[in-house]
Amino acid sequence: MNQINLDTALLRAVELPGRYVGGEFNQTKKSWQDLAADGKRLLRFAFCFPDTYEIGMSNLALRILYDVVNREEGLLCERVFAPWLDMKATMEEKDIPLFSLENHYAAKDFDCVGFTLSYELAFSPTLALMKLAGIPLRTSERGDGDPIIIAGGPATYNIEPMADFLDLVLIGEGEESLPELLKLMRQMRVLGQAPREEFLIEASKLKGVYVPSLYDISYKDDGTIEAIRPKHGAVFPVKKRVIMDLDLVAYPIKTPVPNIRTVHDRAFLEVFRGCPRGCRFCQAGQIYRPVREKGANVLAGQMEAILEETGYDEVGMLSLSTSDYSQLQNLMDRVLPRASDRKVNVSLPSLRIDNFSLNLLEEISKTRKAGLTFAPEAGSQRLRDVINKGIDEDEILRGMGLAFRGGYRGAKLYFMLGLPTETDEDVLAISALCKKIMDVWAGLKAEGLKLKRPEITISTALFIPKPFTPFQWVGQSTMDELEHKVKVLRESLPGKSIRYNWHTPETSRWEAVLARGDRRLGRVLERALLEHDVYLTSWEEFFDLSIFQKLMDEEGLSMAFYANRERSIDEIFPWDILDPGPTKAFLRREYDKAKAGELTDPCGEFCSYCGVHSWDAPLCVRGKEARRAR
Amino acid sequence: MWVSHLDRMRSMERALLRADFPLTYSKGFNPRPQMVFALPSSLGIRSESEYIDISLSEKGPAEHLFSRLEVQLPEGISLMGYRERDPENAKNLMGQVYEADYVFSNPGLSEKIEKLLVCPELIIEKMSKKRLKDEDIRPLILSSEVLDADRTRLRVLAGSRANLRPDTLLQALEKYLAYAEAQSVDVLREELWIKEREDGPLIRPMETND
């Protein structure tokens, strides 16, 4: 086992060498020679983020799990990131295998390599990193000298396209399950010599562990799934892991402070998990149920400690919808005075336009007026009701009026194109809404308010139907339709005060194929790597849909089958192996309500009996009481 | 060694915040701690002569600050010493830098550098205001001292008036001597030399009278 030597000439030749050397303040560097109290070596876990250092170091899951694993006496965790193209080319030329930051060991020398998969476009980079590490891609090709390959993260809620490559997948929140799994691995593979298969079967008995090779899938003639058959007594379906009381679980305080600029170069506080809203397009809003808030006193204490240990001058309050945090004012009252003493900025990235408070924004932006970002998601009321966004036009216009009065020039507004039932009329409603916002500005100006020239930026993402959402049955719009919608919107937008950012549909289409894909796509991913060297599909500039199109054709598969097909009610989905909580019946009810344009109340106001309600999280209890009272 | 000047400044700011230094801040919308590096050093070189002027809001026992900061630094950075300066009289260190000593080392390098210095001019393409410009770096090199066959110390002009970036010397080794190992050369910035007055003597930054 050799440490990789990165020589001076090599590092001088690559862009941002700071990506590869580690050495950050607060990094945990355990020696590979250390022994645990039982006299045996530590289990070596490589946490691999399949994108660049700057993106990976901005990831909260990495900070949490790095901390959680390294707290354990018998375990060590080192970080591995995807090298940028220049470094990757050099590594291939000089036969340098993928390596870890802390001790610069080859990834393949670890006992276990874990990938965090934030979304489906991370699949190809994951395979490419395994190849760069010299690890056989397929589970069936790996032997006892190879690491166990595991994965976790939101994209594992349908991990079937990667099923042939991953030994084991952690479904749900990893704070408890990852150390449990690694301790079992140490017991069986470091203290004992259990063969891979024996370990995987044993591991599959842990809650939240999915071992893809323990399930056989058969297909019907029409290409849909006939049956899912578990083997060796594997559980079916696999339930996700969830931490019910976030105040009691460890949170990373001494996190590595990057030496180079990263995307989100700040401290994070996780305010709550889950989301009470239930927007029907949103996968996170379903798979992270139920809502679990952290206490304001706990958060305030953690903020103080993190700032002390890291020296960050900015802290982000993270959640899926931070203005829905029930103790937000209380939290701000506690943290803002201290933040202002320390010249620390507090950012609230996920605010709803219907319930943000301008006073709050003023308090937090005394020194720096960061931009406002809101997500109406759709332009027409009809379509906002279809997706259960739960805000109306008056609320949007009132929110924008407040922003203008508060000295903001405008806001960034996020919309989605290609939502179910969307027509050109709905698309045109986006520009109509923009015009009304400009009218609000003009009205305030006419009242004599001193306003700066307005600046509105709108961004459109393309709708991707995701598993475990009410829209999991829906076909995605075709590329032609999506391009048409972008064109309609672009041509209808008024004047120069509105900027428009949009994406090309290619990446969204491939993401849609993978999101609801099955195991047959594994061959396409594998060939894309081996024959076309496909790497960072998560970067639009390197993405080439035609490669995947050609391989799909050659494998006798159809993108339209996966992306554009409306599924029947009784279809067995590839992701039916898993159970994140919300039932299929609830999701179907939501889909029917969407088609009827009916709204569903937020969790705490009226429980919808989604399937997670029986876990009795505080907000669920409140929602159930409200339902009984009604 | 592998981070840019801007990134090093940010690292240092964070270390000072962790050490709870009583910093003073710049005015404006985005207040930054008032802290000046005597001479930015380029990426990929080692240095034993980074001097930072840090302005503090209160007077206190400097040795406490020093020991607090020592334990807050990222891997590869250590404190060599400190000096208290009188904020009334202290001049901006950055404007006082005139010269620097660099030690270049690699097996058999000294002979190469000797040969290079014989050239009457060393024209290197340099990015300046987003345009490539030819620059003669020969006049920026004041003297050389061969330490042994592998190591040579160069005294060069440094600071805001005229400055030799050590990586341009490596480029010159490539360009004029076709030296293939130029990018493997280890570069150490050994010392900076400052003047308190334009006609004053060269002294080390720790020897100032303010």
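Protein chains get the first letters and strands the later ones, always in sequence-line order, with residue 1 at the start of each. Keep in mind that the numbers below use all heavy atoms, side chains included, and drop hydrogens, waters and symmetry copies.
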For B/Ser11, which atoms come within 4.5 Å of any heavy atom of chain A: side chain, backbone, both, or neither? side chain
Is A/Asn26 close to chain B through its backbone or its side chain, or both, or neither, when contacts mean heavy atoms under 4.5 Å? neither
Mind listing the closest non-hydrogen atom pair of B/Pro31 and A/Lys343 along with its distance? CG-CD, 4.0 Å
Grab the two heavy atoms, one from B/Leu17 and one from A/Gly311, that are nearest each other, plus how far apart they are. CD1-O, 3.2 Å
Quick one: closest heavy-atom pair of B/Asp186 and A/Arg12, and the distance? CA-NH2, 4.4 Å
In terms of heavy-atom contacts, B/Arg32 and A/Asp313 come closest through NH2-OD2, 2.9 Å
Check step by step if side-chain contact (heavy atoms from CB on, under 4.5 Å) holds for B/Asp7 and A/Arg261. CA-CA 7 Å; B/Asp7 287 336; A/Arg261 181 95 38 248; 4.0 Å; yes
Residue selection (most heavy-atom pairs with chain B, distance under 4.5 Å) from A/Gly22, A/Pro17, A/Pro258: A/Pro17
Decide, yes or no, whether a salt bridge links A/Asp265 with B/Arg10 under the criterion of side-chain N to carboxylate O below 4.0 Å. yes
Identify which part of B/Leu170 has an atom lying under 4.5 Å from any heavy atom of chain A, answering side chain, backbone, both or neither. side chain
Given B/Asp167, B/Leu73, B/Asp20, the one with more heavy-atom pairs under 4.5 angstrom with chain A than any other is B/Leu73
Region of A/Asp7 that comes under 4.5 Å of a non-hydrogen atom in chain B: neither
Considering all heavy atoms of both residues, which atom of A/Arg342 and which atom of B/Tyr25 are nearest to each other, and what is their separation? O-OH, 4.2 Å
When you look at CD of B/Glu111, are more than 12 heavy atoms from neighbouring residues, nucleotides or ligands closer to it than 6.0 Å? no
If I take atom CE from residue B/Met1 and atom OG1 from residue A/Thr8, how far apart are they, to the nearest 0.5 angstrom? 4.5 Å
So CD1 of A/Ile260 and CG of B/Leu6: to nearest 0.5 Å the spacing works out to 12.5 Å
Side chain, backbone, both or neither of B/Ala19 within contact of chain A (heavy atoms, under 4.5 Å): neither
Using non-hydrogen atoms and a 4.5 Å limit, figure out which bit of B/Gln72 sits close to chain A: side chain, backbone, both or neither. both
Contact class of A/Glu309 relative to chain B, heavy atoms under 4.5 angstrom: backbone
Atom NZ of residue position A/Lys30 - does it have more than 12 heavy atoms of other residues, nucleotides or ligands inside 6.0 Å? yes
Shortest non-hydrogen contact from A/Gly23 to B/Pro74? O-CB, 3.9 Å
Residues, nucleotides or ligands: over 12 heavy atoms within 6.0 Å of B/Arg161 CZ: yes
Tell me, for B/Val187 versus chain A, whether the close heavy atoms (under 4.5 Å) come from the side chain, the backbone, both or neither. both
So, taking the atom named CD in A/Gln27 and the one named CD in B/Glu75, what distance separates them when rounded to the nearest 0.5 Å? 5.0 Å
A/Phe25 ring centre to B/Arg18 NZ or CZ under 6.0 Å, with the angle to the axis within 45°? yes
